[in-house]
Protein chains: 2
Amino acid sequence: MAAIGRLAGVSQVTVSRALSDPSKVSADTLRRIREAIDQTGFVPNALAGALVSRKSRLISALVPSITSIVYSAMVQAFGERMRAKGYQILLSETGSAPEDEEDAIMLHLSRRPDAMMLTGIHHSPKARKVLLGAGIPVVELWDVTESPIDLCVGFSHGAAGRAAADFAADAGYRRAALVHAGDERALRRKDAFAERFRQRTGQDPAEINLNAPASLGQGRLALSRLIEETGFGGGLIFCSSDLLAHGVVTEAQARGLRIPQEIGVLGFGDQEFAAHVEPALTTLSVDREALGRQAAEALLCRIEGEPIDRPIFDLGFKLVRRDSA
Amino acid sequence: MAAIGRLAGVSQVTVSRALSDPSKVSADTLRRIREAIDQTGFVPNALAGALVSRKSRLISALVPSITSIVYSAMVQAFGERMRAKGYQILLSETGSAPEDEEDAIMLHLSRRPDAMMLTGIHHSPKARKVLLGAGIPVVELWDVTESPIDLCVGFSHGAAGRAAADFAADAGYRRAALVHAGDERALRRKDAFAERFRQRTGQDPAEINLNAPASLGQGRLALSRLIEETGFGGGLIFCSSDLLAHGVVTEAQARGLRIPQEIGVLGFGDQEFAAHVEPALTTLSVDREALGRQAAEALLCRIEGEPIDRPIFDLGFKLVRRDSA
DNA sequence: TTGTAAGCGTTATCAG
DNA sequence: CTGATAACGCTTACAA
């Protein structure tokens with residue numbers, strides 16, 4: 001900046017002002033500064049700016065995985081809103097291990113983000129403590145709790161599981177099976193489903209825990225295992241994601257099983273393809289974009305010091321009935 | 001750090017050393033410093049460190065979209081390798097407009113990343129200039145060129161299109177159609193396919209430009225339009241992504257068209273589901289993880305000052321013949 | 001509207 | 001092994 005100032009015949013501070021608030025500088029000075037910048041290809045150092053102003057304009061975001069459309073669509077909406085407000089996103093994948101999340105949190109905090117977005121409401125005690133001490137707004141996503149670190153935006157997985165079980169019972173299914181990828185929130189939906197389904201029908205659902213990232217191939221595998229290992233002969237299959245549900249549908253068709261007559265398939269997420277699969281997937285719809293947008297909005301309020309009446313945002317879910325169940 | 005030093009009875013500099021290179025500090029001092037850090041919940045300020053050391057340990061990555069598995073899988077592999085080496089990823093979506101990319105580049109550069117990853121080899125002249133001036137390693141992904149900004153890792157889209165056309169001609173297809181989402185690299189594959197197919201068969205392929213993000217629904221729409229608008233009656237359909245191909249397959253089945261007897265479907269990418277679709281997709285396979293890993297490796301070499309004999313990495317592609325064509 | 005001075009929290013350098 | 005001192009490149013007072 002000092003060099004630019006010399007070229008434009010002004011001091012370094014004036015260059016700083018021209019860049020951060022052009023209205024504070026005379027039109028002529030501004031023009032000369034702009035020229036000097038164009039000539040030299042000067043790029044201001046945001047590190048130095050953040051250091052002294054204590055505002056990094058950086059938001060950190062921690063998600064289990066970016067290859068899952070579930071999280072990437074949410075981060076996309078989150079990032080879009082943040083970018084519109086002049087913030088950049090520092091994104092990290094944390095996997096599913098809590099200790100990895102803790103490391104990632106420390107690393108992110110060292111960059112002094114203006115706010116942080118976390119996935120889920122389960123964090124190590126140290127992570128919680130450090131986050132509280134950082135004094136920045138924090139939003140926890142994909143779940144709701146009465147005791148968030150700061151803010152939370154999500155929905156109740158217990159309620160989602162019960163809604164799925166009620167749908168199954170109401171639709172007359174007497175048997176059910178649960179297919180899931182082993183992620184913590186999916187487990188809670190599954191447990192809630194099992195409990196409610198048992199109450200309603202007296203039957204225990206069969207269960208396949210894939211312990212692997214959800215994929216079409218895993219979904220096909222799940223139906224095969226369900227039939228071969230548990231002797232599943234028909235009923236409703238509640239999958240922890242639409243991708244698994246799509247796999248189950250594909251495998252059912254390959255085996256000549258009729259959907260929904262012989263087996264019903266209930267997905268989760270209402271991803272783009274759900275409506276276009278043949279037969280179209282019945283699924284629990286979650287608005288991932290709304291989740292991301294609302295999280296951004298809430299953080300922005302906190303950053304700008306606006307009051308928030310209730311830090312818990314329950315965005316709910318919707319059961320979308322199509323043709324697979 | 002000064003406060004930690006006071007607690008541990010040492011100077012601020014010693015604290016800095018204990019953190020950056022524990023071997024430079026006596027065991028006893030280290031222990032006292034660690035204790036003080038645990039007590040206070042101190043998190044070092046990487047902004048200040050980066051400012052003075054001129055090493056931010058930040059790598060910026062620019063991709064068109066993170067919701068496309070094509071890019072997210074690549075970024076995942078890239079990020080994994082970088083994280084293992086102690087770097088963090090500053091990720092931004094640039095969309096497809098070159099001027100947005102230019103803005104994103106400036107913004108990223110202001111954070112003084114140690115290296116930068118770009119998607120594609122087409123950038124605005126100003127972007128090129130600024131990048132060259134930044135003096136950091138740059139890798140361009142998903143394409144190869146004889147004149148990269150610094151490094152490039154990818155494959156030839158022209159060769160891919162020609163390989164697809166040769167496959168079609170060799171397999172005896174006399175008619176072909178092209179379905180694509182309008183992205184620049186897909187257009188080059190398509191053009192190369194069209195030219196080669198014309199040479200080989202004397203026929204011009206029909207074409208559907210969806211001008212929308214690839215999705216299962218868009219793939220179904222594409223086949224409908226192909227049949228209704230162009231009167232497509234059979235032949236090979238070359239899709240710009242597996243997702244579109246999956247949509248075409250789904251729509252064909254819904255219409256009772258037999259694959260590959262009546263229409264052949266050739267995808268692009270070899271995504272996870274390609275092998276599990278019914279019928280399994282024949283596709284051009286691109287190793288996205290290898291792309292990300294190789295890009296990381298090349299940047300790491302540059303950062304560490306190791307010599308690179310040839311800055312152009314052509315990772316190629318493979319035609320995987322399955323059942324859809 | 002512009003300039004001066006101070007300082008953000010580190011690392012690098014040199015000395016002991 | 002440890003400490004003092006000087007940057008790094010900005011923003012924030014405060015003064016002119």
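Sequence lines set the chain letters: A, B, ... in the order given, protein chains first and strands last, and positions in each chain run from 1. Quick caveat, the model's predicted, so the values are computed rather than measured.
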* Between Arg17(B) and Val25(B), what is the shortest heavy-atom contact and its length? -> CB-CG2, 4.0 Å
* Closest non-hydrogen atom pair, Glu289(B) against Ala77(B) -> O-CB, 3.5 Å
* Would a 4.5 Å heavy-atom cut-off, applied to side chains only, mark Phe78(B) and Leu141(B) as touching? -> no
Categorize [X] for me: base, sugar-phosphate, or nothing, with a 4.0 angstrom heavy-atom threshold over every strand shown.
{"X": "Ser20(B)", "answer": "nothing"}
{"X": "Val25(B)", "answer": "sugar-phosphate"}
{"X": "Ser53(A)", "answer": "sugar-phosphate"}

Taking only the side-chain heavy atoms of [X] (C-beta and beyond), determine which of [options] contains the nearest atom.
{"X": "Ala48(A)", "options": "dT2(D), dT1(C), dC10(D)", "answer": "dC10(D)"}
{"X": "Val13(B)", "options": "dT10(C), dT11(D), dA12(C)", "answer": "dA12(C)"}
{"X": "Thr14(A)", "options": "dT11(D), dG3(C), dT10(C)", "answer": "dG3(C)"}
{"X": "Met1(B)", "options": "dC10(D), dT2(C), dT10(C)", "answer": "dT10(C)"}
{"X": "Asn45(A)", "options": "dT4(C), dT12(D), dC10(D)", "answer": "dC10(D)"}
{"X": "Thr29(A)", "options": "dT2(C), dG3(D), dT10(C)", "answer": "dT2(C)"}

Can you tell me how far [atom2] of [N] sits from [atom1] of [X], to the nearest Å?
{"X": "Leu51(A)", "N": "dT10(C)", "atom1": "CG", "atom2": "P", "result": "9 Å"}
{"X": "Ile37(A)", "N": "dG9(D)", "atom1": "CD1", "atom2": "P", "result": "16 Å"}
{"X": "Leu47(A)", "N": "dG7(C)", "atom1": "CG", "atom2": "P", "result": "22 Å"}
{"X": "Gln12(B)", "N": "dT13(C)", "atom1": "CD", "atom2": "C1'", "result": "14 Å"}

* **Ion pair check, Asp38(B) and Arg34(B), cut-off under 4.0 Å** =>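 Salt bridge flag = no for Arg34(B) with Asp38(B).
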* Does Arg54(B) make a side-chain N or O approach to OP1 or OP2 of dA7(D) shorter than 4.0 Å? ->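 For dA7(D), neither OP1 nor OP2 has a side-chain N or O of Arg54(B) closer than 4.0 Å.
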* To do: Would you indicate, yes or no, if dT2(D) has its OP1 or OP2 atom less than 4.0 angstrom from a side-chain nitrogen or oxygen of Ser26(B)?
  => yes
* With distance as the sole criterion, do the side chain of Arg17(A) and the base of dG3(C) form a donor-acceptor contact below 3.5 Å? -> yes
* Phe155(A): which of Asp314(A), Leu315(A), Asp143(A) passes side-chain contact (heavy atoms from CB on, under 4.5 Å) -> Asp314(A)
